[in-house]
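Step one of this worksheet: look at the structure below.
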There are 2 protein chains.
Amino acid sequence: MLLDDRKKRILEAIIEEYNNTAEPVGSTKIANDYNLGFSPATIRNEMASLEELGYLEQPHTSAGRVPSSKGYRLYIDNIMKEKNLTAKEKAVIDEILQNDITKIENLIHEATNILSRLTNYASIAMGPEIENCSVEEIKLVKIGNNRLMIVILADNGIIKESLVNYDGVIPEENIEIFNNFLNYKLKGRNFREIYENINSYVENELYNISNNIVPLMVEINNLLVDGNSKVYMEGATNMLALPELKKVDTLKNFLNIIETKDAIKELMKSGYDGNINVYIGQETAFDDLKDFTIITYKQSLNDKEVGTIGIIGPKRMDYKKVIPTIKYLGEAIQQKINQGGKKDVRDDGEE
Amino acid sequence: MLLDDRKKRILEAIIEEYNNTAEPVGSTKIANDYNLGFSPATIRNEMASLEELGYLEQPHTSAGRVPSSKGYRLYIDNIMKEKNLTAKEKAVIDEILQNDITKIENLIHEATNILSRLTNYASIAMGPEIENCSVEEIKLVKIGNNRLMIVILADNGIIKESLVNYDGVIPEENIEIFNNFLNYKLKGRNFREIYENINSYVENELYNISNNIVPLMVEINNLLVDGNSKVYMEGATNMLALPELKKVDTLKNFLNIIETKDAIKELMKSGYDGNINVYIGQETAFDDLKDFTIITYKQSLNDKEVGTIGIIGPKRMDYKKVIPTIKYLGEAIQQKINQGGKKDVRDDGEE
DNA sequence: TTTTAGCACTTCTTTCGTTCGAGTGCTAAA
DNA sequence: TTTAGCACTCGAACGAAAGAAGTGCTAAAA
């Protein structure tokens, strides 16, 4: 259903006014400050009509109007003009990403940091689901005399590493044997597949060399599922300053959201790669989220998901600024991921 | 200045009552519920006296009394009996720590997780200051075809690792040369010393082999200071439910504390190793902390600090439970650290 | 001498009615 | 079709009054 131009302009004015004040917006305010060329009475009529259509809401009879989720949706899709970042803002982001961050997880973690500072909302990030990871290479490295570092490189560029302690000194030959064995057994396999069949991979063959293989395999298994689609959040306390959280109910909802993170996880899993996904209030099925908006950006490498970044903020958000910000950051990070993950010509068959 | 027994018992009762209710405590309540064998009038006299001595405070004339920082201090040092953890509670902690966590940082990070869940306050942790780390071993590992992982093992057991991307394929010989060179130059040196003199370590000699050594050294330098005495915090939102944070001022102070973390950092640096350190409200010079208590436990390995764990909560805290909890966890973690730092005796896996 | 009952006093909290202001919807005129 | 005018609604702000909690002091009891 399309709105005529006048209604759109009024809706836009209301949303912008509401963004600034967080108070219900009255007809006179719009008539005076947004010179649309109509009297308060006319605007009043239009507002009544916009409410009828579901784009506005009224807290009580004698109050002004507040944009509904549907109103914001229309605003985002049809009305607002995105405000590109200034050269300066871009420079800030670029500068931060300049520090050679090569591990995808660190990159994504850094993103939450940037996002919460840039938007002043809570930023969220999620690592890849293990279904999306397969072993590309596994490496054992002797650290000191009695520790082994396990490094697993996944085909989507994710790197996981961990340590195991050993009893006594580890003979170099054993490391190489283990190394070869592990690569032979695990290379190319999906993380989840390995996790579920770990026992079948270690058979008698290896026990003979050393039963130290057991704690090693246990740790590898931990490593595979470690942080599986775990949600990180930063800057949640930014949110506390928001007027919307003055209402006890809304605050409780928010605390609920960040405590369980289920809703966030689910939304982050859905959505399209390499694109902004915006979920406004009741657009999701989660009741706790009814006063909040979640915006996400999925990162991938060679068509494999590696993680998702985003923010959670109040529905009342400066979308025309926030969306381009996340877009820019998402793309910048995507570029860094691609850079680090570029597979160029393999030279020798080392392994 | 010692208090007579009756005053102590009254102070104890007041503190315990206040812990439960978060409301100023009146004489009648104490007389009725804590059968000390005195009438409200007598208790009233004693309360006036305890206030005179600085152990209690009165919000206003017609209100009950509230324990002061000095009151809590006396309570902790002289009055309360620590309540040991139940076997069950210990089992929970042991169980969580059972998962072979070998990296000290992960261990400390895991501790914050446990602490915030166990205490329902905000838990804090700080990594080691780089002054306390010296290079024990440095290792370069080729990952895939064009990435190098740098692993640095410090003498206090801290392990840091990072990745650098390379243009083109890295010849194996170069890695070995770099490796030897780095160990030769850096082994035994203090992190800070290296950080400040990095340029003098890389001279012409290495450029000739490959100028790829430059990004490598840059990354090593980043790695050395990465997370230097950085404060981690978890469960800050637990605190929001507290009645003390209903007061806007107190909330602001708290937000200030977690935003800057300066006060926390300073307190965590002071204090004794392997021991509980308790800082109650005005006992610190930080005005923002006047309504909060910070409890810390410093971890070390071979007399070298490796980090500090702790909590921040309201002054009104169930000290006789919280203190043993942190103590137990601190000691458990210390044990794991010592274990990892020496040799882990482990015969074989169970599964 | 110590303890306690009794009571006047202080201060905060709650409640309730009133006023005030913001903003609406409707009607009738422009 | 737009707008001025106006009665109406409802929450917010204010202030007075009542009520609750708890004190400190005095004088009697133990």
Side-chain angles (χ1 to χ4, degrees), chain A residues 3-7 9-11 13-15 17-18 20-68 71 243-244 246-250, chain B residues 3-11 13-15 17-18 20-68 71 243-244 246-249:
Chain A
L3 293 187
D4 62 50
D5 196 55
R6 187 165 81 180
K7 284 200 178 58
R9 270 159 58 212
I10 291 175
L11 179 59
I14 292 172
I15 287 181
E17 181 65 22
Y18 184 64
N20 294 330
T21 61
E23 297 290 336
V25 180
S27 55
T28 320
K29 185 78 190 168
I30 297 298
N32 290 343
D33 296 10
Y34 289 79
N35 56 344
L36 304 173
F38 303 103
S39 74
T42 307
I43 290 177
R44 214 140 55 225
N45 286 330
E46 292 290 43
M47 283 165 84
S49 163
L50 281 165
E51 182 176 1
E52 185 94 357
L53 294 166
Y55 298 105
L56 293 178
E57 281 163 0
Q58 196 174 26
H60 59 86
T61 359
S62 74
R65 300 305 205 297
V66 162
S68 68
E244 12 279 272
K246 288 288 173 299
K247 284 177 62 185
V248 186
D249 279 356
T250 316
Chain B
L3 292 187
D4 63 50
D5 196 56
R6 188 166 83 179
K7 284 200 178 56
K8 278 192 190 172
R9 269 160 57 214
I10 291 175
L11 179 59
I14 292 173
I15 287 182
E17 180 66 21
Y18 184 65
N20 294 329
T21 61
E23 297 290 336
V25 180
S27 55
T28 320
K29 185 79 192 168
I30 297 298
N32 289 344
D33 296 10
Y34 288 79
N35 57 343
L36 303 174
F38 302 102
S39 73
T42 307
I43 291 176
R44 214 142 53 225
N45 286 330
E46 292 290 43
M47 283 165 85
S49 162
L50 281 165
E51 181 176 2
E52 185 93 358
L53 294 166
Y55 298 106
L56 293 178
E57 282 163 359
Q58 196 175 28
H60 59 84
T61 3
S62 74
R65 301 306 206 294
V66 163
S68 67
E244 13 277 274
K246 289 286 173 301
K247 285 177 62 184
V248 186
D249 278 357

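Here is how names work: the chains are called A, B, and so on, in the same order as the sequence lines, proteins then strands, and each is numbered from 1. Remember, predicted model here, so these are calculated numbers, not experimental data.
- Note: CD (A/Glu23) to P (D/dG11) measures 15 Å, nearest angstrom.
- Between the P atom of C/dT2 and the NZ atom of B/Lys7 lies a distance of 11 Å, rounded to the nearest Å.
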- Item | Watson-Crick and G-U pairing of DNA chain C written in dot-bracket, each distance under 3.5 angstrom, with | for inter-strand partners | ||||||||||||||||||||||||||||||
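- Separating the CD1 atom of B/Ile43 from the C1' atom of C/dA5 is a distance of 15 Å, rounded to the nearest angstrom.
- Sorted by first and then second residue, the salt bridge (Lys or Arg N to Asp or Glu O under 4.0 Å) pairs involving residues 56-67 of chain A (not counting sequence neighbours) are A/Glu51-A/Arg65.
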Can you pull every protein N or O that's under 3.5 Å from an N or O on nucleotides 22-30 of chain C?
from, atom 1, to, atom 2, distance (Å)
C/dG23, O4', A/Ser62, O, 3.2
C/dT24, OP1, A/Ser27, N, 3.3
C/dT24, OP2, A/Ser27, N, 3.3
C/dT24, OP2, A/Ser27, OG, 2.7
C/dG25, OP1, A/Arg65, NH2, 2.9
C/dG25, N7, A/Arg44, NE, 3.1
C/dG25, O6, A/Arg44, NH2, 3.1

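- For the salt bridge (Lys or Arg N to Asp or Glu O under 4.0 Å) test, no residue two or more places apart in sequence or in another chain qualifies with B/Lys8.
- Where B/His60 and B/Arg6 meet DNA chain C, the nucleotide closest to each residue was compared, and B/Arg6 sits on the side nearer the 5' end.
- Here A/Tyr18 pairs with nothing under the side-chain hydrogen bond (donor to acceptor under 3.5 Å, both in side chains) rule; sequence neighbours left out.
- Between B/Phe38 and B/Pro59, the residue anchored closer to the 5' end of DNA chain C is B/Phe38, taking for each the nucleotide with the nearest heavy atom.
- Proximity of A/Tyr55 to A/Leu3: side-chain heavy atoms (C-beta onward) are separated by under 4.5 Å at one or more points.
- Distance CG (A/Asp4) to C1' (D/dT2): 15 Å, rounded to an integer number of Å.
- As a whole-Å value, the separation of A/Ile30 CD1 from D/dT2 P is 18 Å.
- Looking at heavy atoms from C-beta onward, A/Ser49 lies out of side-chain contact with A/Asn45 at the 4.5 angstrom threshold.
- Taken from CG in B/Asn20 to CD1 in B/Ile15, the straight-line distance is 12.0 Å, to the nearest 0.5 Å.
- Counting heavy atoms of neighbouring residues, nucleotides and ligands inside a 6.0 Å radius, atom NZ of B/Lys247 does not exceed 12 of them.
- Sorted by first and then second residue, the salt bridge (Lys or Arg N to Asp or Glu O under 4.0 Å) pairs with a member in residues 32-42 of chain A read A/Lys29-A/Asp33; sequence neighbours excluded.
- Contact detail for A/Ala22 and A/Glu244: the closest heavy-atom pair is CB-OE2, 4.4 Å.
- Regarding A/Lys246, its NZ atom lies at a distance of 15 Å from the P atom of D/dA12, rounded to whole Å.
- Atom C1' of nucleotide D/dT23 and atom CD of B/Glu57 are separated by 17 Å, given to the nearest angstrom.
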